[in-house]
Amino acid sequence: MTIMALCTMTTLFAQTNEKPQAEIKFEKLVHNFGTFSESSPKVTCVFEFTNVGQLPLVINQAIASCGCTVPEYPKAPIKPGEKGQIKVTYNGAGKFPGHFKKSITVRTNGAVEMTRLYVEGTMEEAKK
């Protein structure tokens, strides 16, 4: 009985000592551009997110796996309950036609410090 009481008290103590944190929640983690032509190689999408935490959310960095993919993210803190966007542009100019999949690593001050977003699609050879 004493062990059970000790476990219950430990659990309650842990729950009351949880620190408030920022927390990012994305509407989606993957965007598929579908098929597009090499003659218009630039495609853009937006990843919407919400700070579902209790403190302001700061995006420290968003880094793409390739120089052909450029993320743009808010530099100002996102208040609890507010929404934000990360805009991602893929530029296939000079790349071989075909399927691609690129990742964007997002680092924040949130409860989960790192999230990976993905963009993919198929660039078809331009018709001559």
Side-chain angles (χ1 to χ4, degrees):
M1 188 85 118
T2 310
I3 293 173
M4 191 168 163
L6 183 61
C7 288
T8 303
M9 286 175 44
T10 303
T11 303
L12 288 173
F13 182 73
Q15 288 175 348
T16 57
N17 275 347
E18 288 181 15
K19 294 179 184 174
Q21 290 183 296
E23 187 176 346
I24 194 166
K25 183 173 190 221
F26 284 94
E27 290 183 11
K28 63 181 179 178
L29 298 176
V30 178
H31 179 82
N32 190 327
F33 290 113
T35 302
F36 58 95
S37 175
E38 182 181 23
S39 60
S40 298
K42 244 185 188 181
V43 286
T44 301
C45 69
V46 173
F47 289 92
E48 302 266 345
F49 65 86
T50 305
N51 178 1
V52 295
Q54 300 156 331
L55 293 178
L57 174 75
V58 176
I59 297 177
N60 297 317
Q61 60 182 191
I63 300 175
S65 60
C66 171
C68 58
T69 305
V70 179
E72 295 175 39
Y73 60 95
K75 307 301 188 261
I78 308 296
K79 294 177 184 167
E82 286 190 352
K83 295 183 178 289
Q85 307 181 324
I86 295 178
K87 180 179 168 186
V88 178
T89 301
Y90 171 79
N91 187 351
K95 305 288 179 201
F96 287 107
H99 185 265
F100 65 90
K101 185 170 188 175
K102 306 294 178 185
S103 67
I104 299 92
T105 303
V106 179
R107 296 191 186 277
T108 72
N109 68 329
V112 175
E113 294 177 9
M114 185 188 84
T115 305
R116 281 222 169 83
L117 306 174
Y118 296 92
V119 292
E120 65 180 315
T122 304
M123 184 171 70
E124 288 186 333
E125 191 171 342
K127 304 211 180 350
K128 299 190 179 193

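Residue numbers count from 1 along this sequence.
At a threshold of 4.5 Å between non-hydrogen side-chain atoms, the residues Ile24 and Val112 do not count as touching. Counting heavy atoms from C-beta outward, Thr108 and Val106 have side chains that approach closer than 4.5 Å.
The two residues Thr44 and Lys87 have their closest heavy-atom pair at CG2-CE, 3.5 Å. Scanning both residues, Pro71 and Ile86, for their nearest heavy atoms gives CB-CG2, 4.3 Å. Summarising the geometry of Tyr118 relative to Phe47, their closest heavy-atom pair is O-CZ, 3.5 Å, with the distance given to 0.1 Å. The nearest pair of heavy atoms linking Thr50 to Gly81 is CG2-O, 4.0 Å.
Expressed to the nearest 0.5 Å, how far OG1 of Thr115 lies from CD1 of Ile104 amounts to 12.0 Å. Interatomic distance, CD of Glu38 versus NZ of Lys95, reported as 12.5 Å (0.5 Å rounding). Atom-to-atom distance recorded for Met123:CE and Lys42:NZ is 13.5 Å, nearest 0.5 angstrom. Taken from CD in Glu27 to CZ in Phe49, the straight-line distance is 10.5 Å, to the nearest 0.5 Å. The CD1 atom of Ile63 lies 8.0 Å from the OH atom of Tyr73; values are rounded to the nearest 0.5 Å. Taking CZ of Phe26 as the reference point, atom CG of Leu117 lies at 4.5 Å (rounded to 0.5 Å).
When Lys101, His99, Lys102 are each tested for a side-chain hydrogen bond (donor to acceptor under 3.5 Å, both in side chains) with Glu120, only one passes: His99.
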task = Given side-chain contact (heavy atoms from CB on, under 4.5 Å), test Arg116 with Leu29 step by step and report yes or no.
result = CA-CA 7 Å; Arg116 281 222 169 83; Leu29 298 176; over 6 Å; no

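Atom NZ of Lys127 is surrounded by 12 or fewer heavy atoms from other residues, nucleotides or ligands within 6.0 Å. Around CD of Glu113, the count of heavy atoms belonging to other residues, nucleotides or ligands within 6.0 Å does not exceed 12.
Asn51 places a side-chain N or O within donor-acceptor distance of the main-chain N or O of Glu23, the cut-off being under 3.5 Å. A donor-acceptor pair under 3.5 Å is formed between the side chain of Asn109 and the backbone N or O of Pro56. A donor-acceptor pair under 3.5 Å links the side-chain atoms of Ser37 to the main chain of Ser39, judged by distance alone.
Taking the six-membered ring where tryptophan is involved, the planes of Phe36 and Phe100 are perpendicular, since the angle between them exceeds 60° and thus also 30°.
Applying the side-chain hydrogen bond (donor to acceptor under 3.5 Å, both in side chains) test to Ser103 and every residue at least two apart in sequence or in another chain returns nothing.
Under a hydrophobic clustering in which Ile, Leu, Val, Met, Phe, Trp and Tyr are joined whenever their side-chain heavy atoms come within less than 4.5 Å, directly or via other members, Val119 and Val43 fall into the same cluster.
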